Student: 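To start, I am sharing the structure in question, which I have written as structure tokens.
Owing to the predicted nature of the structure, the values given are computational and were not obtained by experimental measurement. So you know, we letter chains A, B, ... as the sequences are listed, proteins then strands, and number each from 1.
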Protein chains: 2
Amino acid sequence: MSDLLERLRGRGWRMTAQRRVVAEVLDGDHVHLTADEVHARAVTRLPEISRATVYNTLGEMVTLGEVIEVATDGRAKRYDPNAHRPHQHLVCGRCGAIRDVQPGGDPLADLPDSERFGFTISEVEVTYRGICPSCATTA
Amino acid sequence: MSDLLERLRGRGWRMTAQRRVVAEVLDGDHVHLTADEVHARAVTRLPEISRATVYNTLGEMVTLGEVIEVATDGRAKRYDPNAHRPHQHLVCGRCGAIRDVQPGGDPLADLPDSERFGFTISEVEVTYRGICPSCATTA
DNA sequence: TCCTACATTGGACTAAGTCCAAGTCAAGCA
DNA sequence: TGCTTGACTTGGACTTAGTCCAATGTAGGA
């Protein structure tokens with residue numbers, strides 16, 4: 001059973017077959033699906049689910065802070081259910097594979113006041129880019 | 001005169017009125033325009049320039065490493081001519097303002113081997129998010 | 001000046017996402 | 001259990017960002 005689903009239920013979310021399916025599709029580690037991918041997988045379990053509902057549901061999950069939106073490539077946004085453990089992303093520039101990673105240190109501490117331009121900073125996002133092992137071997 | 005334009009000329013780029021205008025529009029610090037914004041500004045100087053040319057030209061500048069593509073918001077990509085000084089971005093979540101910033105420290109060093117999953121990492125991108133001073137006062 | 005390879009154009013096309021009016025249904029209440 | 005109702009879902013039209021291509025134009029070398 002999905003942790004994500006449990007948490008959503010606990011927030012008084014009205015439970016529908018559509019939302020359940022979206023939550024189930026998004027369960028797991030290193031999951032970074034686009035909205036269309038979520039829809040494609042949801043359709044296999046609930047053929048009549050619409051794209052609009054998938055977008056609505058993903059948007060609500062993001063608003064509730066249960067899912068994170070990731071824009072690693074300037075194409076479609078990806079949805080990451082690993083919202084309760086702070087982490088960053090490691091992206092393969094060739095195949096697009098994405099891994100969640102946890103760097104040590106506090107990147108925010110590296111930004112001196114003189115470089116903050118008076119902003120109140122609330123969040124730091126780090127994307128490591130490179131080549132994954134399987135792309136490296138099939139050069 | 002634009003530094004960017006000088007560098008492009010030095011690479012044997014065939015110089016056309018369109019390319020000159022795009023390069024001029026992209027000159028300066030803290031410049032992060034979308035392709036459409038570049039086009040809108042280019043049109044005021046060269047009314048017949050087409051969107052396709054703006055996209056082509058921006059794409060070439062990125063390939064040549066003279067301009068950086070920035071995807072801070074999952075909407076339109078932005079183009080940053082500050083390609084020769086390594087820097088990161090500070091983004092206002094309310095008005096979308098973007099500043100170039102130079103953090104101290106090496107974020108790559110913060111990622112232990114055990115968190116690299118065998119990737120060869122070539123690049124690290126950091127986005128600081130918060131509220132800019134003028135949005136903070138007009139709460 | 002002429003040639004030609006490279007650049008530009010505009011319009012059609014695709015991908016990603018939003019919006020909306022009409023229909024459906026979960027869940028609390030009697 | 002059966003209503004009722006407000007929240008949810010639907011599909012299709014629409015918007016935005018970007019790509020593609022065949023026809024046309026032109027920078028720069030000979």
Side-chain angles (χ1 to χ4, degrees), chain A residues 5-6 8-26 32-43 45-64 66-80 96 98, chain B residues 5-6 8-26 32-43 45-64 66-80 96 98:
Chain A
L5 198 49
E6 283 306 311
L8 293 169
R9 202 195 294 278
R11 285 163 179 271
W13 228 34
R14 184 153 144 184
M15 196 45 60
T16 66
Q18 291 82 351
R19 287 174 169 187
R20 198 188 327 274
V21 164
V22 170
E24 282 167 6
V25 164
L26 274 182
H32 305 91
L33 299 170
T34 65
D36 263 3
E37 285 164 356
V38 171
H39 181 240
R41 297 188 188 198
V43 158
R45 304 187 189 202
L46 187 66
E48 68 276 23
I49 192 172
S50 75
R51 278 178 4 102
T53 296
V54 169
Y55 276 105
N56 289 342
T57 305
L58 290 172
E60 283 152 17
M61 286 173 173
V62 170
T63 301
L64 292 174
E66 294 294 345
V67 164
I68 292 168
E69 234 174 42
V70 183
T72 49
D73 61 354
R75 312 279 302 176
K77 287 177 199 159
R78 294 182 173 274
Y79 294 87
D80 179 347
I98 303 178
Chain B
L5 198 49
E6 283 307 311
L8 293 169
R9 200 195 294 279
R11 285 163 178 271
W13 227 34
R14 183 152 142 184
M15 195 46 59
T16 67
Q18 291 83 350
R19 286 174 171 186
R20 198 187 328 275
V21 165
V22 170
E24 282 167 7
V25 165
L26 273 183
H32 305 91
L33 299 170
T34 64
D36 263 3
E37 286 164 356
V38 171
H39 180 241
R41 297 188 188 200
V43 158
R45 304 188 189 202
L46 187 66
E48 67 276 22
I49 191 171
S50 75
R51 279 180 1 103
T53 296
V54 170
Y55 276 105
N56 289 342
T57 305
L58 291 172
E60 283 151 19
M61 288 174 171
V62 170
T63 301
L64 292 174
E66 295 293 346
V67 164
I68 292 168
E69 233 174 43
V70 183
T72 49
D73 61 352
R75 312 280 301 176
K77 287 176 198 160
R78 294 180 173 274
Y79 294 87
D80 180 348
I98 303 178

Student: Without decimals, in angstroms, what is the distance between B/Glu37 CD and D/dG18 P?
Tutor: 11 Å
Student: Treating B/Arg78 as the side-chain partner and B/Glu69 as the backbone partner, does any N or O pair qualify as donor plus acceptor under 3.5 Å?
Tutor: no
Student: Return no unless some side-chain N or O of A/Ser50 is found under 4.0 Å from OP1 or OP2 of D/dT9.
Tutor: no
Student: For residues A/Leu64 and A/Met61, determine if any side-chain heavy atom of one lies less than 4.5 Å from a side-chain heavy atom of the other.
Tutor: no
Student: What is the distance, to the nearest angstrom, from the OH atom on A/Tyr79 to the P atom on C/dA16?
Tutor: 12 Å
Student: Less than 4.0 Å between a side-chain N and a carboxylate O, is that true for A/Arg45 and A/Glu24?
Tutor: yes
Student: In this structure, how many angstroms lie between the P atom of C/dG11 and the NE2 atom of B/His39, rounded?
Tutor: 12 Å
Student: CG of A/Asp73 versus C1' of D/dA17: gap in Å, rounded?
Tutor: 14 Å
Student: So B/Arg51 and B/Asp36, side chain to side chain contact (heavy atoms under 4.5 Å, CB included) or not? Walk me through it.
Tutor: CA-CA 8 Å; B/Arg51 279 180 1 103; B/Asp36 263 3; 3.6 Å; yes
Student: Measure from CG on A/Leu33 to P on C/dG17 and round the result to the nearest Å.
Tutor: 13 Å
Student: Is B/Ala52 touching bases, backbone alone, or none of the nucleic acid, heavy atoms closer than 4.0 Å?
Tutor: base
Student: Taking all non-hydrogen atoms of both residues into account, name the closest pair between A/Ala35 and A/Val54 and its distance.
Tutor: O-CG1, 3.7 Å
Student: Is the base of D/dG18 touched by the side chain of B/Arg51 through a donor-acceptor pair closer than 3.5 angstrom?
Tutor: yes
Student: Could you list by number each residue of residues 12-20 of chain B showing a heavy-atom separation from DNA chain C of less than 4.0 Å, or answer none if no residue does?
Tutor: B/Arg14, B/Thr16, B/Gln18, B/Arg19
Student: Taking DNA chain D as the partner, which of residues 54-64 of chain B come within under 4.0 angstrom of it by heavy atom?
Tutor: B/Tyr55
Student: If I take atom CD from residue B/Gln18 and atom OG1 from residue B/Thr16, how far apart are they, to the nearest 0.5 angstrom?
Tutor: 4.5 Å
Student: Please compare A/Ile49 and A/Arg75 by the position of their nearest nucleotide in DNA chain D and report the one closer to 5'.
Tutor: A/Ile49
Student: Output the distance between atom CG (A/Asn56) and atom CZ (A/Arg19), rounded to the nearest 0.5 Å.
Tutor: 8.5 Å
Student: Can you tell me the distance, in whole Å, between the CG atom of B/Leu46 and the C1' atom of D/dG25?
Tutor: 13 Å
Student: Side chains of A/Leu33 and A/Tyr79: does their closest heavy-atom pair fall under 4.5 Å?
Tutor: no
Student: What's the shortest heavy-atom distance between A/Arg20 and A/Arg9, and which atoms?
Tutor: NH1-NH2, 4.2 Å
